[in-house]
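First up is the structure itself, then whatever we jot down about it.
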Amino acid sequence: MQIVDTHCHLDEESFSQELDDVVAASVENGVVAMVTIGTSVESSRRAIELAERFPGVVFAAVGIHPNYTAAAKPGDWEIIEELAQDPRVVAVGETGLDRYWDYAPIELQQDYFDRHLKLSEQTAKPFIVHCRDADEETRTQLRATAESGQKLNGVMHSFCQSAESAAELLQLGMFMSFTGMLTFKRNQELRDLAASLPADRLFVETDAPYLAPMPNRGKRNEPAFTRFTLECLAECHGVAPEEMARQTTANACGFFEIELSDR
Ligand SMILES: [Zn+2]
């Protein structure tokens with residue numbers, strides 16, 4: 001099985017001591033590629049360093065997370081614009097809106113979201129959206145961007161919104177990516193919704209070190225655990241894990257323009 005973990009944070013402190021082992025364990029568990037996501041200038045730089053250290057396995061995304069927009073210094077955005085040109089960078093983000101935490105005013109988050117959307121268009125690299133308790137505002141901004149003539153090439157990371165939201169996001173051309181939240185016992189509604197979504201628009205991810213799937217819930221998450229979410233998504237769709245892996249990996253490779261090395 002070949003799986004792509006489309007969203008993880010390998011630069012986090014909790015991985016620093018044993019990253020070689022974490023990456024090796026991922027590959028052993030079928031996770032042949034992973035996208036490590038920048039959340040600030042420093043984290044985006046580290047993401048590129050990791051892509052350099054694990055060529056063909058780790059890929060980078062660069063951006064300023066909505067919760068870190070207020071902490072961004074003058075000049076930080078220009079650095080992100082520059083880093084986005086790097087050939088090891090396969091996407092822009094994570095960006096989006098977050099009303100759950102109160103780290104940055106929503107207007108500032110919207111401003112940065114807009115910058116990432118423009119940067120995605122300029123670089124022809126896809127964008128990654130974080131959306132927490134801000135479904136309406138996120139869709140409004142994506143809709144306005146589409147109406148301005150930009151073809152949306154983006155993914156809703158850790159998708160957990162409503163059926164109504166999913167319907168509009170699909171219509172706007174967005175992809176949906178599922179984390180371990182799909183496997184949590186109480187999330188039957190999310191599994192029912194996942195079952196109804198077209199398989200050619202879906203990805204799987206870990207968001208490691210956060211959101212570990214069942215049966216590892218509560219532990220530090222790592223890309224090797226992507227397969228639990230993949231198996232759950234396959235079950236939702238009534239297909240074999242191998243089939244869901246083939247489909248979601250083809251989706252992710254097309255989206256990020258990643259070529260898997262033969263092994
Ligand atoms: Zn993330």
Side-chain angles (χ1 to χ4, degrees), residues 3-16 19 22-23 26 31 33-51 58-72 80 83-84 89-101 103-104 109 112-113 115-117 119-120 125-135 138 154-161 169 174-184 190 202-213 216-217 219-226 228-229 248 252 255-256:
I3 307 170
V4 180
D5 181 356
T6 61
H7 192 117
C8 57
H9 297 275
L10 295 181
D11 69 308
E12 294 265 327
E13 194 63 43
S14 55
F15 289 124
S16 60
L19 200 56
V22 167
V23 172
S26 304
V31 182
M34 49 209 95
V35 184
T36 189
I37 312 291
T39 55
S40 64
V41 162
E42 295 72 29
S43 149
S44 297
R45 282 204 172 109
R46 290 197 294 268
I48 295 174
E49 282 165 22
L50 291 171
V58 174
F59 299 87
V62 297
I64 299 179
H65 189 290
N67 289 337
Y68 299 145
T69 50
I80 294 290
L83 295 177
V89 172
V90 297
V92 171
E94 57 186 292
T95 182
L97 303 175
D98 191 319
R99 276 194 182 277
Y100 179 82
W101 299 103
Y103 290 133
Q109 296 185 36
Y112 272 91
F113 190 10
R115 296 183 202 203
H116 285 83
L117 291 168
L119 184 58
S120 162
K125 293 181 183 183
F127 58 89
I128 298 163
V129 179
H130 165 107
C131 171
R132 193 158 183 201
D133 287 0
D135 178 51
T138 300
V155 59
M156 301 303 293
H157 129 72
S158 192
F159 181 79
C160 59
Q161 282 114 278
L169 291 163
M174 298 289 291
F175 286 77
M176 322 273 164
S177 184
F178 288 101
T179 55
M181 289 212 302
L182 190 69
T183 69
F184 297 170
L190 186 60
L202 306 181
F203 305 156
V204 285
E205 62 168 89
T206 55
D207 204 19
Y210 315 105
L211 290 176
N216 294 323
R217 191 171 179 187
K219 289 191 195 159
R220 182 197 70 182
N221 200 1
E222 50 180 283
F225 299 165
T226 316
F228 297 114
T229 301
T248 52
F255 181 80
F256 292 110

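For ligands, and for the atoms within them, numbers begin at 1 and follow the listed sequence.
- No side-chain N or O of T206 forms a donor-acceptor pair with one of T226 less than 3.5 Å apart.
- Taking 2.8 Å as the threshold, H130 does not count as a candidate ligand of the Zn ion (ligand 1), since none of its N, O or S atoms lies below it.
- No side-chain donor from either of D207 and T179 sits under 3.5 Å from a side-chain acceptor of the other.
- There is no side-chain donor-acceptor pair under 3.5 Å between H65 and Q109.
- Distances from the Zn ion (ligand 1) to the N/O/S atoms of E94 are shortest for OE2.
- Residue Y68 qualifies as open at atom OH: its count of foreign heavy atoms under 6.0 Å is 12 or below.
- Aromatic ring centres of F175 and F203 lie closer together than 6.0 Å.
- The Zn ion (ligand 1) has no N, O or S atom of C8 inside 2.8 Å of it.
- Per residue D207, closest N, O or S atom to the Zn ion (ligand 1): atom name OD1.
- Annotation: angle subtended at the Zn ion (ligand 1) by H7 NE2 and H9 NE2 is 100°, to 10°.
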